[in-house]
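In what follows, a structure is listed as structure tokens, so that the remarks can point back to it.
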Amino acid sequence: MGGLKMLEIEKLSYSYAYDEKVLRDVSLSLGKGEIVGLLGENGAGKTTLFKCVLGLLPHQSGTVRLDGAPLYTQRERIAYISGEGACVGRLTPAQTGEFLAQFYPRFHAERYKKLCRFFELADRPVMEMSKGERAKAELAAGFSRGADYILMDEPFNGKDVFTRQDFLRIIAGMLDGETILISTHLVSEVESFIDRVLILHKGELVADESMDALRQRTTLLDLLREKIGYDENRVMAFWE
């Protein structure tokens with residue numbers, strides 16, 4: 001790939017001991033500065049893909065490389081935001097910022113403080129917060145680490161519609177060349193935010209398309225319906 005800055009996933013497969021393959025030879029690449037949506041129904045393999053990329057699950061085959069080198073040699077360049085509030089639970093947001101600054105040389109302290117103020121995070125241990133507040137704390141931490149690639153797995157869980165809307169606007173304004181891969185079921189909310197869409201269906205990558213090209217012929221929701229084979233008449237069939 002020459003000198004291009006890129007996260008490359010090639011023929012990645014994974015299966016749980018009790019199940020058939022969850023991922024089937026998934027190959028894709030994420031270039032510098034892209035905002036990419038990862039869509040698919042529940043069980044399509046989105047979270048498993050994230051965990052394999054991060055090394056949290058040992059994929060049975062395939063490779064993950066960042067700028068041509070193994071990912072495990074440069075994990076500090078990737079941040080993972082799950083929306084489940086995985087910040088250090090016993091620390092307050094302020095203490096979390098101090099902790100992260102010690103481990104991540106490129107930590108954006110000022111960005112972190114601004115996000116904490118925007119989310120109105122109280123100065124109490126994250127573990128004592130509500131689920132929605134913990135998710136906000138994780139968003140603030142993840143977007144402030146100084147990572148080149150940010151993987152977001154259902155990051156808007158527990159957030160109201162206005163918080164989601166405002167946060168997407170903030171992300172768009174603060175990005176400085178970072179690459180975003182965001183998995184979500186909120187299709188209509190991210191349609192104008194992402195540059196490119198990937199769709200997983202039963203562990204296979206069934207679509208990879210730029211949003212500019214897609215808008216010329218259909219909507220994101222219609223593409224998702226098409227690729228996962230959703231039948232709008234199935235509800236009527238239930239009542240027959």
Side-chain angles (χ1 to χ4, degrees), residues 1-17 19 21-40 44-88 96 99-108 111-112 138-155 171 174-184 194-200 203-208 210:
M1 292 292 179
L4 293 178
K5 301 297 184 182
M6 187 172 295
L7 175 65
E8 297 173 278
I9 301 167
E10 185 173 359
K11 294 188 178 300
L12 196 67
S13 294
Y14 183 83
S15 60
Y16 293 101
D19 203 356
K21 279 189 176 181
V22 180
L23 296 177
R24 302 170 180 270
D25 294 328
V26 174
S27 295
L28 61 95
S29 62
L30 302 176
K32 179 178 173 60
E34 286 191 295
I35 302 177
V36 183
L38 178 64
L39 307 182
K46 301 185 297 297
T47 296
T48 300
L49 176 62
F50 280 137
K51 290 182 176 179
C52 286
V53 169
L54 293 161
L56 301 177
L57 288 175
H59 49 275
Q60 283 88 3
S61 63
T63 59
V64 179
R65 302 180 73 81
L66 184 52
D67 297 348
L71 186 60
Y72 66 80
T73 65
Q74 44 190 333
R75 293 190 190 280
E76 74 282 355
R77 295 183 58 199
I78 290 193
Y80 177 55
I81 300 172
S82 69
E84 295 299 324
C87 288
V88 183
T96 298
F99 174 81
L100 293 173
Q102 295 179 39
F103 288 91
Y104 298 100
R106 296 194 295 172
F107 181 71
H108 295 297
R111 175 187 287 187
Y112 178 71
E138 184 173 355
L139 280 167
F143 265 93
S144 303
R145 275 182 39 185
D148 296 318
Y149 295 81
I150 303 174
L151 309 185
M152 307 176 69
D153 189 9
E154 294 293 340
I171 294 174
M174 72 167 51
L175 290 179
D176 186 23
E178 296 97 332
T179 298
I180 307 295
L181 179 61
I182 178 171
S183 165
T184 182
I194 59 177
D195 306 314
R196 175 179 158 206
V197 61
L198 307 171
I199 297 178
L200 278 178
E204 296 183 358
L205 186 64
V206 296
D208 182 350
S210 77

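Values below: all heavy atoms of this structure, side chains included; hydrogens, waters and symmetry mates excluded.
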Identify, with sequence neighbours excluded, every residue that meets side chain to side chain contact (heavy atoms under 4.5 Å, CB included) alongside [X].
X	value
Q74	L66, A69, E76, R77
R75	Y72
R24	E20, K21, E204
A207	I199, K227

Are [X] and [Y] side-chain neighbours, meaning at least one heavy-atom pair lies under 4.5 Å?
X	Y	answer
L200	L39	no
I180	V36	no
L12	L28	no
F143	L175	yes
Q60	S15	yes

Taken in chain and number order and not counting sequence neighbours, the residues that satisfy salt bridge (Lys or Arg N to Asp or Glu O under 4.0 Å) with R65 are none
Using side chain to side chain donor-acceptor pair (under 3.5 Å) as the criterion, list what pairs up with [X], not counting sequence neighbours.
X	result
T179	none
Y14	none
T48	Y16
D25	S13

Applying ring-ring contact (aromatic ring centres under 6.0 Å, His included) to Y80 and not counting sequence neighbours gives none
One thing to verify: whether D148 and R106 come together as a salt bridge, which I'm taking to mean a side-chain N less than 4.0 angstrom from a carboxylate O.
yes
inquiry  = Whether K46 and D153 form a salt bridge (side-chain N of Lys/Arg under 4.0 Å from carboxylate O of Asp/Glu) is what I want to check.
reply    = no
**Item:** Check against side chain to side chain contact (heavy atoms under 4.5 Å, CB included), R196 and L30
**Value:** CA-CA 10 Å; R196 175 179 158 206; L30 302 176; 4.1 Å; yes
